[in-house]
There are 4 protein chains.
Amino acid sequence: MAREPARRPGRPRSQHARQAILAAAMELATAEGPASLHMEAIAKRAGVSKETLYRWWRSKTEVILDAMAEYGQQAVPLPDTGTLLGDLGEFLHATADSVNPPTASVLRHLAAAAAADEGQALQIRDRFLARRRAALGELLDRAVARGEIEAGHAVLARDLIYGSLWYRLIFRTGPVDHAWARDVAAAIAARSRPGA
Amino acid sequence: MAREPARRPGRPRSQHARQAILAAAMELATAEGPASLHMEAIAKRAGVSKETLYRWWRSKTEVILDAMAEYGQQAVPLPDTGTLLGDLGEFLHATADSVNPPTASVLRHLAAAAAADEGQALQIRDRFLARRRAALGELLDRAVARGEIEAGHAVLARDLIYGSLWYRLIFRTGPVDHAWARDVAAAIAARSRPGA
Amino acid sequence: MAREPARRPGRPRSQHARQAILAAAMELATAEGPASLHMEAIAKRAGVSKETLYRWWRSKTEVILDAMAEYGQQAVPLPDTGTLLGDLGEFLHATADSVNPPTASVLRHLAAAAAADEGQALQIRDRFLARRRAALGELLDRAVARGEIEAGHAVLARDLIYGSLWYRLIFRTGPVDHAWARDVAAAIAARSRPGA
Amino acid sequence: MAREPARRPGRPRSQHARQAILAAAMELATAEGPASLHMEAIAKRAGVSKETLYRWWRSKTEVILDAMAEYGQQAVPLPDTGTLLGDLGEFLHATADSVNPPTASVLRHLAAAAAADEGQALQIRDRFLARRRAALGELLDRAVARGEIEAGHAVLARDLIYGSLWYRLIFRTGPVDHAWARDVAAAIAARSRPGA
DNA sequence: CGGTAAGCGAGACGGTACGTCTTGTCTTATT
DNA sequence: AATAAGACAAGACGTACCGTCTCGCTTACCG
């Protein structure tokens with residue numbers, strides 16, 4: 001028996017406005033200066049009133065998070081090659097691919113918001129990072145199950161891997177490319193006991 | 001014959017103002033909200049005019065960098081235990097100690113600035129991160145020299161180690177404490193060939 | 001032959017909503033700040049949707065005018081003492097009584113609306129002021145008929161009398177009380193030729 | 001010994017900005033709709049930041065009052081014809097002349113502000129009306145001194161005279177023209193005892 | 001007694017002014 | 001020349017009210 005969504009009274013929320021806002025946010029986040037991403041600019045570009053914007057999102061971080069959930073759906077696939085090195089290699093390869101310049105721009109916005117405000121940090125951690133950490137966790141858990149690495153190492157590995165990614169993104173200490181993916185995979189998987 | 005530094009004409013720069021500004025910046029960076037750190041607030045708390053502030057520093061990031069150079073001189077010592085695991089363990093132990101709450105607050109300011117603006121990212125990387133990366137590099141180079149790890153791994157290790165530190169700081173995915181220091185040291189040194 | 005009002009199809013207008021709106025408008029007009037009287041506030045207090053409000057009244061001035069017609073029916077009686085001084089004295093005495101603080105608040109709302117917008121000024125003049133001007137005109141016309149004053153003076157007298165009332169109301173140059181009523185009556189009637 | 005105005009430290013207030021603001025306010029008050037006179041519009045037209053506007057004036061009423069003090073200096077002269085009728089006639093004649101359409105527009109702004117807010121009413125009364133009331137009071141006092149009218153009547157007369165002016169302005173019950181001036185002068189002076 | 005049509009509540013929407021805030025520059029007199 | 005004091009232009013902030021709109025529900029009548 002289908003449970004209809006219990007239509008609330010009043011004018012329904014405009015999906016058109018919602019889409020326009022998320023699209024505008026992505027465009028602005030991607031665009032030139034990071035200072036060009038204001039609530040006011042989002043509203044203007046989306047052809048929407050500030051009232052509507054603030055009604056549904058309290059901060060630009062929330063808008064970006066929703067926009068990433070909507071548009072950044074480049075689901076990194078979960079490889080299953082049978083070895084941690086193989087799995088990690090493929091996973092990070094795809095991850096590096098997904099960090100193209102526009103996306104990198106958006107990610108830096110998120111990092112800036114997280115660094116500046118604990119509340120937003122938690123939002124970003126739980127609504128954005130969590131999914132990716134979970135995917136990576138899956139690979140590592142399999143390796144643990146196979147006896148390739150220890151459980152404790154698996155937990156830390158996520159911070160090491162994603163940490164190096166964000167570190168390079170934020171401080172420009174190096175590119176997040178295929179070389180990065182290969183080397184990180186090797187470094188993490190090196191602990192494995194191939195013969196075990 | 002000593003050549004005095006060619007005393008420039010006019011009123012000399014006030015060292016008192018400089019000190020007051022750096023101190024005010026540290027206090028504000030440490031204090032409550034991250035929003036309380038403005039150029040205006042720094043000037044007010046230092047009892048200095050904004051003019052003076054802008055004359056010598058172009059952004060609050062520069063002020064913070066100078067302030068860290070002045071006050072954050074808790075030089076992490078370079079241990080020499082003979083093994084990478086030992087060296088890393090001590091080094092990261094001391095590093096974790098230096099990331100106390102007030103310092104963490106300042107570091108997050110820097111991360112926010114770096115994420116928001118490429119120019120400031122480069123400044124921070126070259127004026128602040130570089131020194132710490134160099135210290136860590138020293139340890140790793142010694143390990144390379146001893147044949148404990150390969151040179152390529154040593155380069156990446158810095159991003160893995162500091163990446164995990166900043167990642168936890170920014171996104172609050174976990175504490176930067178002694179457990180972190182021990183685990184990271186173990187993870188990085190694990191690749192070493194003890195018997196080699 | 002009574003012509004019934006040709007009952008229109010559809011749901012008839014809610015008299016309950018109408019009453020609630022007018023009552024809410026009076027309460028708000030009377031209440032604390034003059035800024036508390038918005039269409040939105042009226043709708044909220046009346047438990048009515050803005051749609052309903054705007055369907056029947058185009059502006060808050062129209063609402064107030066209707067509310068005054070409904071509630072402000074403290075009809076100032078038309079005295080007939082035989083002399084202009086006597087008539088005016090009684091009339092203005094009653095008028096002053098009717099200008100109690102809550103009413104004064106409503107009147108100031110009307111004045112503000114009239115001053116700010118010509119269209120509303122005309123509405124207020126024709127729907128609100130006209131009745132009172134007519135009542136006063138009646139007294140004066142009688143005096144003209146008795147030869148106490150000239151016709152030209154009678155016309156101007158209405159502006160002088162009501163002008164002084166509104167002037168005091170708006171600019172707080174003095175109270176609208178019994179002393180005002182007595183003095184104005186005396187000043188206007190002074191021109192009369194008692195013996196004529 | 002001249003006491004110099006004790007130059008305050010810091011950048012002196014920009015007289016250019018002040019003039020531009022007052023001029024912009026007059027132009028906007030005069031212009032089309034009364035809704036076009038906002039703080040934001042004044043700032044924009046004056047080429048001034050809102051900050052500057054709010055630094056020196058808390059409300060648009062204060063701006064208008066200053067603008068009228070600056071530009072509306074059409075000093076109505078104090079005639080001295082020897083009789084109240086003569087004096088009043090000339091004074092009100094000049095007064096009616098000064099109430100040209102642009103000025104009328106500004107006056108209605110003041111009336112709307114006064115009616116809507118007691119604080120502003122008092123400001124307007126004391127900073128704007130007072131001067132004109134004083135001028136009129138002078139004429140009437142002379143008439144009292146000559147025995148033409150009684151002192152009590154003189155006080156009320158100001159409310160009657162200016163009241164009828166504002167009443168006509170606000171509610172559009174009639175023009176403020178030479179006929180008005182003549183009739184009001186006659187009505188007020190009629191009480192006088194010419195032979196006394 | 002079921003269809004038709006307007007009224008109504010709820011509340012989202014685009015628009016726009018509000019008054020505040022921070023930025024980075026400037027203009028003074030003083031040191 | 002550097003300073004303090006502080007005014008200035010610029011423009012984003014988040015809030016509030018405006019008047020309009022789009023729903024689903026209600027309340028009458030009329031056939």
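Keep in mind that what you see is a predicted model, and the values were worked out from it rather than measured. Residue numbers start from 1 in every chain, and the chains themselves are labelled A, B, ... in the order their sequence lines are given, proteins ahead of strands. Side-chain atoms are counted along with the backbone in the values below, which use heavy atoms only and exclude waters and symmetry mates.
Within the nucleic acid shown, C/W56 comes within 4.0 Å of sugar-phosphate atoms alone, with no base atom in reach, counting heavy atoms only.
Nucleotide E/dA6 holds its C1' atom 18 Å from the CZ atom of C/R18, rounded to whole Å. Counting to the nearest Å, the C1' atom of F/dC18 and the CG atom of C/D117 are 15 Å from each other. Atom C1' of nucleotide E/dA17 and atom CG of D/L28 are separated by 14 Å, given to the nearest angstrom. Here the P atom of nucleotide F/dC8 and the CD atom of D/Q19 are 13 Å apart, to the nearest Å. In this structure, C/I21 atom CD1 and E/dG9 atom C1' are separated by 12 Å, rounded to whole Å. Note: CD (A/Q15) to P (F/dT22) measures 16 Å, nearest angstrom. Between the CG atom of C/L53 and the P atom of E/dA10 there is a distance of 14 Å, given to the nearest Å.
B/K44 contributes atom NZ, which lies 14.0 Å from atom OG of B/S49 (distance to the nearest 0.5 angstrom).
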Distance-only donor-acceptor hits, side chain of residues 108-118 of chain C, under 3.5 Å, sequence neighbours excluded:
unit_1 : atom_1 : unit_2 : atom_2 : d
C/R108 : NE     : C/L169 : O      : 2.8
C/D117 : OD2    : C/G119 : N      : 3.0
C/D117 : OD2    : C/Q120 : N      : 2.9
C/E118 : OE1    : D/R172 : NH1    : 3.3

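Taking 4.0 angstrom as the limit, A/R55 places a side-chain polar atom (N or O) nearer than this to OP1 or OP2 of E/dA12.
Side-chain proximity of B/E51 to F/dG6, E/dT20, F/dA12: nearest is F/dG6. For B/R13, the listed nucleotide lying nearest its side chain is F/dT3; candidates were E/dG7, E/dG24, F/dT3. The C/H38 side chain lies nearest to F/dC17 when the options are F/dC17, F/dT20, F/dA5. When distances are taken from the side chain of C/M39 to each of F/dT22, F/dC18, F/dA7, the shortest belongs to F/dC18. Comparing F/dA4, E/dC8, E/dT25 against the side chain of B/Y54 picks out E/dT25 as the nearest. Of all nucleotides listed (F/dA7, F/dA4, F/dA1), F/dA4 comes nearest to the side chain of B/S49.
Remark: side-chain polar atoms of A/T30 are not paired, donor with acceptor, to backbone N or O of A/E27 under 3.5 angstrom. Looking at B/Q19, its side chain never comes within 3.5 Å of a backbone N or O of B/Q15 through a donor-acceptor pair. Formation of a donor-acceptor pair under 3.5 Å by the C/T52 side chain with backbone atoms of C/V48 is not found in this model.
A stem is defined here as three or more consecutive Watson-Crick or G-U pairs, each with both distances under 3.5 Å; for DNA chain E these stems are E:1-31 with F:1-31.
At a threshold of 4.0 Å, the pair B/R18-B/E70 counts as salt-bridged, since one of the basic side-chain nitrogens sits closer than that to a carboxylate oxygen. The pair A/E51-A/R55 meets the salt-bridge criterion, since a charged nitrogen lies less than 4.0 angstrom from a carboxylate oxygen.
Counting atom types as modelled, D/K50 pairs a side-chain N or O with a base atom of E/dG19 as donor and acceptor under 3.5 Å. Judged by distance alone, with hydrogens and angles left aside, D/R11 brings a side-chain donor or acceptor within reach of the base of E/dC26, the pair sitting under 3.5 Å.
Nearer to the 5' terminus of DNA chain F, by closest-nucleotide assignment, is the contact made by B/T52 (compared with the other of A/A35 and B/T52). The nearest heavy atom of DNA chain E to A/H16 and to A/G10 marks one nucleotide each, and the one closer to the 5' end goes with A/G10. A residue-by-residue look at B/V48 and B/E40 shows that B/V48 has its nearest nucleotide of DNA chain F further toward the 5' end.
Within a 6.0 Å radius of CZ in C/R127, other residues, nucleotides and ligands contribute more than 12 heavy atoms.
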